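A short write-up of the structure that comes next.
No hydrogens, no waters, no symmetry mates; every other heavy atom, side chains included, goes into these values. None of these values were measured; they are calculated from a predicted model.
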Amino acid sequence: MTSKEYKTITDIKGPLVFLEKTEPVAYGEIVTIRLSDGSMKNGQVLDTSDDAVIVQVFEGTEAIDRQAGVKFLGDVFKLSVSRDLVGRILDGAGRPRDGGPDIVAEEKADIIGAAINPYSRQSPHDFIQTGVSAIDCCTTLVRGQKLPIFSASGLPHNDIALQIARQAKLKDSDEEFIVVFCAMGITAEEYNFFRTDLERTGALENAVLFVNLADDPAVERLITPRLALTAAEYLAFEHDYHVLVIYTDMTNYCDSLRQIGAAREEVPGRRGYPGYMYTDLAMLYERAGIVKGKKGSITQFPILTMPGDDITHPIPDLSGYITEGQIVISRELHQAGIYPPINVLPSLSRLMGGCIGEKTTRDDHKKVSDQMYAAYAEGRELRGLVAIVGEDALNERDLQLLKFSDIFEDKFLRQDRDEDRTIDETLDLCWSLMSSIDEKYLVRLDRELIDKYGQHTE
């Protein structure tokens, strides 16, 4: 740590302070800024070149003037980690927000972290039962997967995330998940909703919350997910916990990236977002997974609200490339009063194929999922046709598929917010619902499976 204090501030833009070249400093180095009134602010080196240093200030740049003294601490931002994190609520900079004592550190971990080395990475294969039929049957979640929720403003993505946080478990196992909840730019109302729900259900005892509110500094929003992931890695790979990381809302995080990029006068990319946003998101998402030789795991559930319900917007678009699928929340289903309003047609889990079947879920899972998906997709298409030509123009098969699309939404998708269906209950329900379609039209099911599980259709 240097004892020198520099008073070489040349400019202040948004959350950034520009200094003339001081001494050799590293990217990510921690900085303290002493204001004229003696108060202190903290920052981090964002950029360094031959003649200038750019510092991002976590508490905002109000009251900073050119007389402020800047001191470089010679170290990077670190989080105090220990098992005591579990059950605590921290702010976006890792300070206690729940009125409790500071975390007594077992060690201090660098928050920048890194993606898991591909050689050390183990392929995910353990089925996670969420209790939500639309996910368990059609968009299966796997331990170690990163599976985002693509939502939009006004939709119940937070309810779904909390339901998954409460109910997620490995099939035939008593191992509980530790939930690391990372909130970025949420309102005080949303924060109270999360906290109250987690306290009501007792889930807070097995959770760590990192909360950056909408009126907290935007620059703090950039370190909040890194703090959350550092805590998750420590709990998973040092203490063998299975950790479920839920971010909400990645759109707020990306907007902060854009804000900082504009303050640095960078050349913008698509829709004003910085060109390195893909790399930045990948640095977060790729910290999910399972490491060979370690019992713990990190499964990620990023929530992002698509601006203007546009799935081609850069944030969902880039997230879809990096992650292993997506769960899409439908405004149309929500307006029809269906919860959870998950549209299974554009939803996808790329790891589903390797984790379902006789050894993990049930031997009929793949075929049942395919048949339900195909019948629902055709039924949805027929709704558009009926609007033009009327039901009288449909043949017997089309009428059955049209009716099935309504049954699928009303009986299969619709669940209570506390309803926790096992995978066997979900698959039995599928067979029951498919009894509304003649066997000759169930072309994706084998005769052997129909004979074995067909009693559920009677």
Side-chain angles (χ1 to χ4, degrees), residues 112-125 128 135 138-152 155 157 160-161 164 182 184-185 221-222 224-226 228-229 232-233 244-261 266-290 297-330 342-355 373:
I112 299 299
I116 297 172
N117 185 324
Y119 180 77
S120 305
R121 190 184 281 275
Q122 185 176 317
S123 180
H125 55 78
I128 294 177
I135 297 174
C138 305
T139 322
T140 306
L141 178 64
V142 189
R143 187 162 64 92
Q145 185 176 12
K146 41 198 180 290
L147 188 65
I149 294 178
F150 287 5
S151 187
L155 299 183
H157 41 267
I160 295 170
I164 292 166
C182 172
M184 296 165 283
R221 217 157 287 157
L222 300 184
T224 307
R226 290 172 170 81
L229 284 166
E233 286 165 349
L244 192 64
V245 181
I246 298 174
Y247 312 97
T248 183
D249 175 348
M250 290 307 292
T251 301
N252 294 334
Y253 172 83
C254 293
D255 286 344
S256 294
L257 270 185
R258 180 166 63 176
Q259 187 178 334
I260 303 301
E266 296 169 341
V267 177
R270 286 167 62 192
R271 303 208 194 176
Y273 292 94
Y276 52 79
M277 187 165 80
Y278 180 90
T279 309
D280 196 279
L281 288 173
M283 286 170 68
L284 299 178
Y285 293 146
E286 291 298 340
R287 288 169 75 174
I290 307 171
S297 64
I298 297 177
T299 307
Q300 287 189 15
F301 241 108
I303 299 171
L304 54 94
T305 49
M306 301 179 290
D309 293 21
D310 180 11
I311 202 167
T312 66
H313 187 278
I315 301 171
D317 191 36
L318 296 180
S319 294
Y321 280 121
I322 303 164
T323 55
E324 291 127 4
Q326 70 270 340
I327 294 170
V328 180
I329 311 296
S330 162
I342 295 171
N343 186 355
V344 300
L345 302 182
S347 299
L348 167 72
S349 172
R350 294 190 179 94
L351 300 184
M352 176 174 170
C355 87
Y373 184 99

Decide side-chain contact (heavy atoms from CB on, under 4.5 Å) for E286 and I322; before the verdict, give the C-alpha distance in whole Å, the side-chain angles of both, and the deciding distance to 0.1 Å. CA-CA 8 Å; E286 291 298 340; I322 303 164; 3.9 Å; yes
Contact check, side chains of Y247 and V245, non-hydrogen atoms, under 4.5 Å: yes
Would you indicate whether the side-chain heavy atoms of L222 and I260 approach each other to under 4.5 Å? yes
Could you check whether any side-chain heavy atom of Y253 comes within less than 4.5 Å of a side-chain heavy atom of L304, counting everything from C-beta outward? no
Among K146, Q300, Q145, which residue satisfies the side chain to side chain donor-acceptor pair (under 3.5 Å) criterion with E324? K146
Can you confirm if the NZ or CZ of R258 lies within 45° of the ring axis of Y273 and under 6.0 Å from the centre of its six-membered ring? yes
Non-hydrogen atoms of F301 and L141 that approach each other most closely: CE1-CD2, 3.3 Å
Shortest non-hydrogen contact from M277 to P314? CE-CB, 4.1 Å
Nearest non-hydrogen partners of M306 and P316, listed with the distance: CG-CG, 3.8 Å
Heavy-atom side-chain proximity of S123 to L351 below 4.5 angstrom: no
If you compare all heavy atoms of C182 against all heavy atoms of A228, which two are closest, and at what distance to 0.1 Å? CB-CB, 3.7 Å
Does any pair with a residue in residues 310-319 pass side chain to side chain donor-acceptor pair (under 3.5 Å), and if so which ones, sequence neighbours excluded? R270-D317, R271-D310, Y285-S319, D310-T312
Do L284 and R226 make a side-chain contact, defined as non-hydrogen atoms from C-beta onward lying under 4.5 Å apart? yes
What pair of heavy atoms forms the shortest contact from N252 to R221, and how long is it? O-CD, 3.9 Å
S330: side-chain hydrogen bond (donor to acceptor under 3.5 Å, both in side chains) partners, not counting sequence neighbours: none
Between I298 and R287, is the side-chain contact (heavy atoms from CB on, under 4.5 Å) condition met? List the steps. CA-CA 8 Å; I298 297 177; R287 288 169 75 174; 5.9 Å; no
Under a 3.5 Å threshold, yes or no: a donor from one side chain and an acceptor from the other, between S347 and Q326? no
Working to the nearest 0.5 angstrom, can you tell me the gap between I160 CD1 and I327 CD1? 8.0 Å
Under the side-chain contact (heavy atoms from CB on, under 4.5 Å) criterion, do V142 and I128 qualify, and how do the steps go? CA-CA 5 Å; V142 189; I128 294 177; over 6 Å; no
Main-chain N/O of G144 paired to T299 side chain as donor or acceptor, under 3.5 Å: yes
Might you point out which heavy atoms bring E266 and P274 nearest each other, and give the distance in Å? OE1-CB, 4.0 Å
Hey, could you give me the CZ/OG1 distance between F150 and T251, rounded to the nearest 0.5 Å? 9.5 Å
Measuring only between side-chain heavy atoms, which start at C-beta, is T140 closer than 4.5 Å to I135? no
Distance in Å, R143 CZ paired with S297 OG, rounded so as to fall on 0.5 Å steps: 4.5 Å
Please report the interatomic distance CE(M250) to CG(L257), rounded to the nearest 0.5 Å. 8.5 Å
Report the residues that fulfil side-chain hydrogen bond (donor to acceptor under 3.5 Å, both in side chains) with T224, sequence neighbours left out, ordered by chain and then residue number. none
Min side-chain heavy-atom separation T323-L147 under 4.5 Å: no
Partner of C254 under side chain to side chain contact (heavy atoms under 4.5 Å, CB included), chosen from D280, D249, L281: L281
Got Y278 and Y321 here, is their nearest side-chain heavy-atom distance under 4.5 Å? yes
